[in-house]
Amino acid sequence: QYGMTSKRTNQVVFSEDLSLAFHQMTLPFSIGGQEQIMQAFQSGDLELLTARLKERAEELRAITQVYPDEPYPTTIRRAMMEVVVSAMHIAADAGGNVEQEMGNISPYQTIFHLTSTPEIIQWVVHICRDLNEKIIQCRIQRENTTNERINHYIYQHLADPQLSLESVSAHVGLTASYLSAFFIQKNQIGFRDFLNTQRVAAAKRYLTDTGIAVSEIAKRCGFTSDSYFITVFKKYTGITPGAFRRSKGNQEDRDDTPAK
């Protein structure tokens, strides 16, 4: 057994330094430095991550000079392993298959075969790069799945005049403000514009293929009134529903002037 990890603290203690465990717990490691490393990891900036790891290594080298009983090789391995463990936990929380990403080789075994600080840092950066890519893949997959759920719900409830940003956000478990920004990011169109274009598209099919009255089409497409339907239809097509129907050669025309 090369080492063990606390899932709560991400602290790594190697078997070779268990006798010094209590002493190591009291070493003045920089918590801020560790946070900066993990921020660099999550940003995906490998150059920044490398720089932060080098700063950490220099900090640990200085500490071990003050505490001569603390061997630097063990200290640097333990500190860098804690970075790897933290990154693995972040990737796992994001939905990544960390075991598959790491392969069959234990990182504890690997780090013991690295003899220099540059080698260790390079190894950590390599692992963090792979884990970060996995996190990005998981996020994109999760976002695409969410977007598919949103669009499916919209299509399924297109005829519902109560369909709104709020009702969709409640269905997918997001706040309305977040969903609004998310929808624009994924679809390059605002929610209201998307909803109207889909309703107008559905109305076009009715106008082209059927002789259903305009007022009935308005209801089937989720518009709250005939007048609102005609206003929206003209906004997105430039013509009224009746004029559109005639342009498609459908002679089964119905008056598109709303009743007073």
Side-chain angles (χ1 to χ4, degrees), residues 1-18 20-21 24-25 27-67 70-145 185:
Q1 182 70 31
Y2 287 87
M4 60 184 181
T5 307
S6 166
K7 290 185 178 180
R8 176 171 296 183
T9 64
N10 293 337
Q11 186 168 41
V12 176
V13 179
F14 294 120
S15 56
E16 70 179 47
D17 69 357
L18 284 175
L20 298 175
Q24 290 167 345
M25 295 289 188
L27 288 179
F29 294 141
S30 170
I31 296 176
Q34 182 76 2
E35 291 178 350
Q36 289 178 344
I37 290 173
M38 299 319 301
Q39 288 171 1
F41 161 69
Q42 291 179 290
S43 74
D45 189 335
L46 297 183
E47 291 186 3
L48 178 60
L49 176 61
T50 301
R52 292 287 184 256
L53 291 172
K54 289 180 178 179
E55 291 172 1
R56 181 71 160 168
E58 290 303 313
E59 177 189 17
L60 295 176
R61 191 182 297 278
I63 289 174
T64 54
Q65 291 175 353
V66 177
Y67 295 87
E70 173 74 2
Y72 176 72
T74 298
T75 301
I76 188 64
R77 286 191 179 98
R78 178 163 55 83
M80 295 300 163
M81 196 65 229
E82 288 175 2
V83 172
V84 171
V85 170
S86 295
M88 291 169 64
H89 286 174
I90 293 172
D93 289 342
N97 189 333
V98 175
E99 292 183 359
Q100 181 181 19
E101 198 64 36
M102 298 299 295
N104 297 324
I105 301 176
S106 167
Y108 298 103
Q109 296 177 10
T110 301
I111 201 168
F112 265 97
H113 289 89
L114 303 175
T115 58
S116 69
T117 298
E119 281 183 320
I120 293 173
I121 290 177
Q122 184 179 17
W123 173 75
V124 172
V125 171
H126 176 78
I127 288 180
C128 287
R129 180 201 65 196
D130 292 346
L131 290 174
N132 213 333
E133 289 177 356
K134 180 62 66 176
I135 291 172
I136 293 173
Q137 291 173 7
C138 290
R139 185 182 70 242
I140 292 174
Q141 183 178 12
R142 186 167 59 250
E143 288 179 351
N144 289 342
T145 299
Q185 175 192 351

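Nothing here was measured: the structure is a model prediction, and the numbers come from that model.
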Check: Any idea which heavy atoms bring I121 and A57 closest together, and the distance?
Finding: CD1-CB, 4.3 Å

Next item on the list: Look up atom CD in E59 and atom OG1 in T64, then write down how far apart they are to the nearest 0.5 Å.
Entry: 10.5 Å

Checklist line | Pairing residues for R142 by the side-chain hydrogen bond (donor to acceptor under 3.5 Å, both in side chains) criterion, not counting sequence neighbours | finding: none

Notebook entry, point to check: Taking all atoms of both residues into account, what is the closest heavy-atom pair of L46 and R129, and its distance?
Noted result: CD1-CG, 3.8 Å

Note to self: Using side-chain heavy atoms (C-beta onward) and a distance below 4.5 Å, is P107 in contact with W123?
What the structure shows: yes

Checklist line | Worked verdict on R61 versus T117 for side chain to side chain contact (heavy atoms under 4.5 Å, CB included) | finding: CA-CA 10 Å; R61 191 182 297 278; T117 298; 3.7 Å; yes

Checklist line | Smallest separation among heavy atoms of M38 and A87, with atom names | finding: CE-N, 3.7 Å

Next item on the list: Can you sort out the partners of I120 under side chain to side chain contact (heavy atoms under 4.5 Å, CB included), two or more places apart, ordered by chain and number?
Entry: I76, R77, M80, I111, L114, V124

Checklist line | Residues that E58 engages under salt bridge (charged side-chain N to carboxylate O under 4.0 Å, His left out), provided they are two or more places apart | finding: none

Checklist line | Nearest-0.5 Å distance that lies between atom CG in L49 and atom CG in N132 | finding: 9.0 Å

Item checked: Gap separating the CD1 atom of I136 from the CD atom of E143, nearest 0.5 angstrom -> 11.0 Å

Check: Between atom NE2 of H89 and atom CG of L131, what is the distance when rounded to the nearest 0.5 Å?
Finding: 11.0 Å

Notebook entry, point to check: Residues two or more places apart in sequence or in another chain: which of them pass side chain to side chain contact (heavy atoms under 4.5 Å, CB included) with N144?
Noted result: I140, K186

Next item on the list: Answer with yes or no whether the side chains of T145 and Q141 bring together a donor and an acceptor at under 3.5 Å.
Entry: no

Note to self: Working to the nearest 0.5 angstrom, can you tell me the gap between L60 CG and Q65 CD?
What the structure shows: 11.5 Å

Margin query: Can a donor-acceptor pair be found, under 3.5 Å and without considering hydrogens, that links the side chain of E119 to the backbone of S116?
Written below: yes

Note to self: Going by side chain to side chain donor-acceptor pair (under 3.5 Å), name the pairs with one or both residues in residues 37-54, residues two or more places apart or in two chains.
What the structure shows: R52-E55

Notebook entry, point to check: At their closest point, which heavy atom of A91 faces which heavy atom of I135, and how far apart are they?
Noted result: CA-CG1, 3.6 Å

Next item on the list: May I have the step-by-step check of side chain to side chain contact (heavy atoms under 4.5 Å, CB included) for R56 and Q34, ending in yes or no?
Entry: CA-CA 8 Å; R56 181 71 160 168; Q34 182 76 2; 3.5 Å; yes

Notebook entry, point to check: Side-chain contact, heavy-atom cut-off 4.5 Å: Y72 with I63?
Noted result: no

Note to self: Which residues pass the side-chain hydrogen bond (donor to acceptor under 3.5 Å, both in side chains) test with R139, not counting sequence neighbours?
What the structure shows: none

Note to self: Using 0.5 Å steps for rounding, measure from the CG atom of D93 to the SG atom of C138.
What the structure shows: 11.0 Å

